[in-house]
Protein chains: 2
Amino acid sequence: MTDLNKLLTPLFLSDKEIRKIIELIFFSYRDFTSGPDEILYKINFGRAHHRVIYFVGKREQITIRNLLSILQITKQSLSRVLNQLVKEKYIIVSTGNDKRTKNLSLTKKGMELEEKLTTIQTKRIRNVIKNAKEDDINGFKKILYAMIDKNNQIQFDKLNM
Amino acid sequence: MTDLNKLLTPLFLSDKEIRKIIELIFFSYRDFTSGPDEILYKINFGRAHHRVIYFVGKREQITIRNLLSILQITKQSLSRVLNQLVKEKYIIVSTGNDKRTKNLSLTKKGMELEEKLTTIQTKRIRNVIKNAKEDDINGFKKILYAMIDKNNQIQFDKLNM
DNA sequence: ATAATTAAGTCAATATGACTGACCTAAATA
DNA sequence: TATTTAGGTCAGTCATATTGACTTAATTAT
């Protein structure tokens with residue numbers, strides 16, 4: 001950081017404060033994912049399964065291609081996870097109008113797991129929210145959104161249209 | 001969610017809104033770590049190396065034990081990563097007063113890498129901050145902190161004493 | 001002084017999540 | 001008809017993490 005920048009930078013932006021934010025992000029993310037991780041572990045699944053279940057639940061009838069573009073992983077990576085979920089009947093696959101495509105949907109079993117996993121994270125957020133000011137929550141959401149890359153903001157927007 | 005809870009829950013707390021927050025956390029964390037990941041990839045390191053370098057930089061002369069308690073991984077997991085960092089002279093090890101313990105510090109090379117990696121994340125945060133209101137940043141920090149488990153909040157506090 | 005605890009390390013096996021690269025099939029589109 | 005797109009598969013590799021069983025050396029408690 002140059003001397004000029006130091007002069008122009010308000011106190012709440014010091015490198016030390018930024019480092020605190022980096023740590024807050026690290027610790028909070030770790031704790032945020034720890035709940036679902038425990039449940040998944042018991043049924044021999046991992047975080048990758050959670051993500052697939054989450055986004056299939058979010059967008060029923062989603063194609064493989066769309067799912068890949070949200071997850072930003074290779075189809076080989078998705079393959080193992082998805083096949084397990086299909087084999088164990090959490091997800092059901094059907095053929096689309098375009099017969100090259102496949103549509104993924106949650107089964108009842110899949111919905112139940114999705115609900116269970118999401119509820120844990122929802123509870124954590126609700127606990128935080130009930131002790132916080134609405135302005136703080138809105139600040140939190142705004143900053144989180146601004147932290148996302150432009151192209152992924154678009155993806156987020158599409159996902160929530 | 002019970003009917004009573006629905007009545008008591010303000011609009012900004014709807015399940016749909018909470019799910020948006022879950023997604024914001026997922027997307028923002030992924031993009032937040034992507035910058036350092038790229039640099040680390042080029043020198044055959046991973047995210048685990050980043051974390052070790054970061055916290056050794058934060059707490060010079062840290063012991064293995066303390067580092068493990070921050071990272072919350074097993075010593076077998078740390079072992080491989082730390083040995084690589086020592087072998088490639090990013091970290092230097094010395095014996096503590098208690099001769100059972102070891103103290104870890106960054107070398108000049110280690111500090112340079114730490115700086116490089118942290119700068120990427122710092123830049124992202126600064127970019128967000130310069131277009132945001134101070135209240136939003138403070139809300140962001142408050143909520144992040146509240147999202148952390150009690151015992152890890154204590155760890156965060158200690159780390160920033 | 002001896003016993004117990006603590007800090008650190010090591011060996012081995014395993015699981016998960018991800019990757020690259022090279023192919024293949026079938027359907028849709030140019 | 002040729003090309004592109006959607007999806008799948010085989011093989012190999014790497015990174016991160018785990019459990020479990022042991023070892024060594026130093027410190028602390030009895």
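Salt bridge status for K108(A) with E112(A): present, with a side-chain N to carboxylate O gap under 4.0 Å. Between K141(B) and D136(A) no salt bridge is recorded (no basic side-chain N to carboxylate O distance below 4.0 Å). Using a 4.0 Å cut-off between charged nitrogen and carboxylate oxygen, D135(B) and K133(B) do not count as a salt-bridge pair.
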| note | Nucleotide by nucleotide, nucleotides 2-15 of chain D touches protein heavy atoms under 4.0 Å in the pattern (B base, S sugar-phosphate only, - none) ---BSBBBB----S
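To the nearest angstrom, P of dT16(C) lies 9 Å from OH of Y41(A). The CG-P distance, from L71(A) to dC19(C), rounds to 10 Å in whole Å. D37(A) has its CG atom 13 Å from the C1' atom of dT18(D), to the nearest Å. Distance, K42(A) NZ to dT18(D) P: 17 Å, rounded to whole Å. Rounded to a whole Å, the CZ atom of R51(A) is 14 Å from the P atom of dT16(C).
Heavy-atom neighbours of L159(A) CG from other residues, nucleotides or ligands within 6.0 Å: above the threshold of 12.
Nearest-nucleotide positions on DNA chain C place T74(A) closer to the 5' end than the other of N97(A) and T74(A).
Close placement of the F45(B) and Y90(B) rings is indicated, their centers lying within 6.0 Å of each other.
When F32(A), F27(A), Y29(A) are each tested for a ring pair (Phe, Tyr, Trp, His ring centres under 6.0 Å) with Y29(B), only one passes: Y29(A).
Phosphate proximity of dT18(D) to S77(B): present, with a side-chain N or O under 4.0 Å from OP1 or OP2.
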